[in-house]
Visitor: 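So that we are looking at the same thing, I have put the structure below in structure tokens.
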Protein chains: 2
Amino acid sequence: MRPTVHDIAAAAGVSLATVDRVLNQRPGVRHVTREKVETAIREIGYVRDVAAANLAKGRTYPFVFIVPASDNSFMHGLNAEVQAAVARSPVERTHIRTVEVPAFDPAALVDVLDQLGTERPSGIALVATDAPEVRDAVDRLVQAGIPVVTVVSDLTGSLRHHYAGVDNIAAGRTAARLLGRFLGGARGDVAVLAGSMLVRDHRERLEGFASLIAEEFPGLSILPVIEGRDDPEMAHMLVADALSKNAGITGIYSLGAGNRGLIRALKEKAVDRSLTVVAHELTAHTRAALLDGTIDAILNQDAGHEVRSAIRVLKAKADGLSVIDAQERIRLDIFLKDNLP
Amino acid sequence: MRPTVHDIAAAAGVSLATVDRVLNQRPGVRHVTREKVETAIREIGYVRDVAAANLAKGRTYPFVFIVPASDNSFMHGLNAEVQAAVARSPVERTHIRTVEVPAFDPAALVDVLDQLGTERPSGIALVATDAPEVRDAVDRLVQAGIPVVTVVSDLTGSLRHHYAGVDNIAAGRTAARLLGRFLGGARGDVAVLAGSMLVRDHRERLEGFASLIAEEFPGLSILPVIEGRDDPEMAHMLVADALSKNAGITGIYSLGAGNRGLIRALKEKAVDRSLTVVAHELTAHTRAALLDGTIDAILNQDAGHEVRSAIRVLKAKADGLSVIDAQERIRLDIFLKDNLP
DNA sequence: CAAATTTTGATTTACGTACATCAAATTTGA
DNA sequence: TCAAATTTGATGTACGTAAATCAAAATTTG
């Protein structure tokens with residue numbers, strides 16, 4: 001049987017009340033006594049029964065999810081997953097509130113974060129906009145003892161407890177290797193479609209992509225980045241234009257959203273050309289395009305995993321427990337036609 | 001606040017005891033009263049607090065993991081993950097016992113399963129040997145109300161509640177597409193190194209691999225399968241031999257274990273040849289080979305995820321709860337040099 | 001050394017559910 | 001209609017922990 005507080009009390013030769021004082025860091029225990037209890041805890045290998053403790057405390061975890069008000073399918077998916085987590089709230093003893101902030105607006109994000117500093121929720125998850133003032137605001141929260149995790153997009157040099165998202169530099173390099181190998185050493189131009197170079201994930205993907213192409217596929221040259229603002233219409237126009245003007249394009253890397261426009265452009269302008277296309281984010285559109293051969297590979301991060309992982313980590317941090325690292329690593333999924341879920 | 005048994009009692013106009021009788025399917029409740037309570041439960045949206053219930057019951061989940069006594073790194077890894085789960089047992093209220101059975105021995109597996117039928121644990125996870133008598137034994141357990149999940153290797157046509165593993169046909173097809181695309185449409189011979197054609201996962205991987213090569217890469221011809229019995233020495237010998245005798249080999253697909261031998265053979269016989277190699281299972285050896293360019297891609301299933309998923313599913317089944325399907329899908333990881341964990 | 005202060009012990013209630021017991025009410029059958 | 005059988009209610013204890021109260025003991029201070 002698993003040891004209980006009574007066992008600690010017996011082992012340390014003190015009363016239950018004293019054990020409780022030590023366990024819950026209440027005052028009124030002499031240093032020597034405290035140490036005696038702590039030793040007993042270690043020696044008999046006591047671990048608090050979190051379920052019983054939460055029951056006794058009537059504890060719930062008030063968490064806040066801060067998501068950008070972006071109108072693209074990835075963010076919609078992320079929101080849906082957060083809502084799914086909200087639906088599970090009663091069972092998981094969480095109480096999740098979502099806050100929308102304007103995208104790419106550090107000041108607005110800082111305002112929200114500072115406000116939360118006074119509310120003191122049990123944990124905060126945010127899709128970070130990578131700016132120094134945001135980092136400082138997050139660090140203030142962390143130093144005030146509030147667990148904070150970043151989701152999807154990380155925050156350079158901050159004290160956040162955890163990042164639930166993929167390594168975007170690695171993602172870019174992986175895309176580059178797939179594209180390069182699929183092109184089989186042929187010379188040619190590669191077009192890159194991004195949302196905006198102001199977003200850290202997009203910058204990092206491009207950085208990884210460009211560096212690996214330069215290192216290992218010197219026959220390929222990367223054209224100036226097309227910024228489609230994650231907007232299908234704009235992406236369509238810009239890609240169609242590029243394909244018309246440049247007959248030397250043999251590969252395309254789409255590292256952001258707005259793939260609907262890309263796919264349309266490809267179907268209009270490139271049915272006859274044998275282009276190799278690697279895109280990010282699995283959606284109904286990209287899935288169909290992968291199946292019909294318009295896209296050759298899709299890199300994906302699973303928003304559901306990210307949300308669930310963020311919640312698990314926040315809970316663990318709130319309880320001062322450790323997490324299973326391997327379980328919380330968000331993997332970069334590579335989908336070909338054959339391994340779609 | 002979340003509704004409790006007291007709220008049901010009040011809503012249904014009955015006593016706590018009656019609610020308890022309905023909730024725990026105890027006898028002595030008139031049909032009409034039972035319905036009244038069930039309606040109230042539905043209407044106020046009551047969900048049992050599993051933590052409190054388990055506390056009251058002093059419940060633990062006695063689970064059994066049946067793993068084959070195979071001496072390869074994948075099974076070692078799987079065992080390590082099961083042991084890690086055992087270490088977490090006190091916290092998770094599980095009580096996991098592992099049973100080793102001889103590999104590829106349906107009769108031995110059936111014996112163990114039948115034995116467990118009398119012990120009636122809360123759940124059973126097994127690495128299935130795909131044979132009709134095993135399927136029947138599993139079906140008997142399921143029909144006796146014991147939750148059963150298969151791990152790593154599934155059981156054709158059985159009633160098992162869940163399979164925590166990858167789709168091996170899809171894995172084979174994915175390997176074929178990677179190999180085919182990496183080879184860039186060139187003609188050539190492809191060698192396949194398997195453990196044994198008696199194992200279902202290996203058969204399925206080969207099946208998927210061969211079918212996609214036939215469909216989409218007619219320039220590639222698959223050589224007779226090399227059965228290395230997942231043994232490094234044997235794999236080394238057979239692969240070295242094949243490479244010496246056949247200069248037309250341009251690609252290798254290793255779908256089982258024993259990759260240490262494969263890698264040694266490649267380094268000895270194929271440094272000058274530009275072979276494309278796709279292998280299964282990420283280990284220290286395959287990882288190093290991927291990094292130094294000996295292997296081009298690794299397909300992997302995460303044993304830790306499989307074990308944790310199996311446990312979550314068994315718990316849910318034991319409690320009659322539903323699982324988050326997306327969370328329990330075991331993904332086929334594709335690792336290139338750039339996205340290694 | 002007594003008084004003031006700090007530390008410790010003993011005990012109780014609560015969280016939400018499970019389970020058992022016994023009494024009271026209701027229904028059923030003859 | 002009455003006894004027997006069935007159904008329902010009332011109540012208490014338990015699970016492991018949290019949190020509070022009050023008394024007793026130990027320590028520190030003057």
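Chain A is the first sequence line, chain B the second, and so forth, proteins listed ahead of strands; every chain is numbered from 1. Nothing here was measured: the structure is a model prediction, and the numbers come from that model.
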Visitor: Once you round it to whole Å, what is the distance between P of C:dG16 and NZ of B:K57?
Guide: 17 Å

Visitor: Which residue, A:G28 or A:L16, contacts DNA chain C at a nucleotide closer to its 5' end, judged by nearest heavy atom?
Guide: A:G28

Visitor: Please state how far atom CZ in B:R93 lies from atom P in D:dG16, giving the value in whole angstrom units.
Guide: 8 Å

Visitor: Tell me the interatomic distance from B:H6, atom NE2, to C:dA14, atom P, rounded to whole angstroms.
Guide: 11 Å

Visitor: Can you check the A:L55 CG to C:dC15 C1' distance for me, whole Å?
Guide: 4 Å

Visitor: Start at the 5' end of DNA chain D and walk down; is the nucleotide closest to B:A17 or to A:N54 reached first?
Guide: B:A17

Visitor: If you compare every side-chain N and O of B:R48 against the phosphate oxygens of C:dT17 (OP1, OP2), does one of them come in below 4.0 Å?
Guide: no

Visitor: Contact class for B:G58 vs. all strands (heavy atom < 4.0 Å): base, sugar-phosphate, or nothing?
Guide: nothing

Visitor: Under 4.0 angstrom, heavy atoms only, what part of the nucleic acid is A:A53 near: base, sugar-phosphate, or nothing?
Guide: sugar-phosphate

Visitor: Determine, for B:D302 against A:R329, whether the closest basic-nitrogen to carboxylate-oxygen distance falls under 4.0 angstrom.
Guide: no

Visitor: Indicate, with a heavy-atom threshold strictly under 4.0 Å, whether A:R21 touches base, sugar-phosphate, or nothing.
Guide: base

Visitor: Is a salt bridge present between A:E119 and A:R97, judged by a nitrogen-to-oxygen distance below 4.0 Å?
Guide: yes

Visitor: Strictly by Watson-Crick or wobble contacts shorter than 3.5 Å, is anything paired with C:dC1, and which nucleotide is it?
Guide: D:dG30

Visitor: Quick check with a 6.0 Å cut-off and a 45 degree axis cone: is B:R160 positioned over the face of B:Y163's six-membered ring?
Guide: no

Visitor: A:R135 and A:S158: which non-hydrogen atoms are nearest, and at how many Å?
Guide: CG-CB, 3.4 Å

Visitor: In whole Å, I'd like the distance from the NZ atom of B:K36 to the C1' atom of D:dT7.
Guide: 12 Å

Visitor: For the pair made of CD1 in B:I8 and P in C:dG16, what is the distance, rounded to whole Å?
Guide: 13 Å

Visitor: Check every atom of D:dG16, D:dT8, D:dA18 against the side chain of B:R30 and return the nucleotide holding the closest atom.
Guide: D:dT8

Visitor: Answer yes if the side chains of A:T283 and A:S73 hold a donor-acceptor pair under 3.5 Å, and no otherwise.
Guide: no

Visitor: Whether B:S15 contacts D:dA10 is assessed here as follows: a side-chain N or O lying under 4.0 Å from the phosphate OP1 or OP2. Is that the case?
Guide: no

Visitor: Touch check for B:D20, heavy atoms < 4.0 angstrom, all strands: base, sugar-phosphate only, or nothing?
Guide: base

Visitor: Roughly, in whole Å, what's the span from CD1 in A:I41 to P in D:dT17?
Guide: 11 Å

Visitor: Taking the side chain of A:N24 as heavy atoms from C-beta outward, which of D:dA18, C:dT17, D:dT17 is closest to it?
Guide: D:dA18

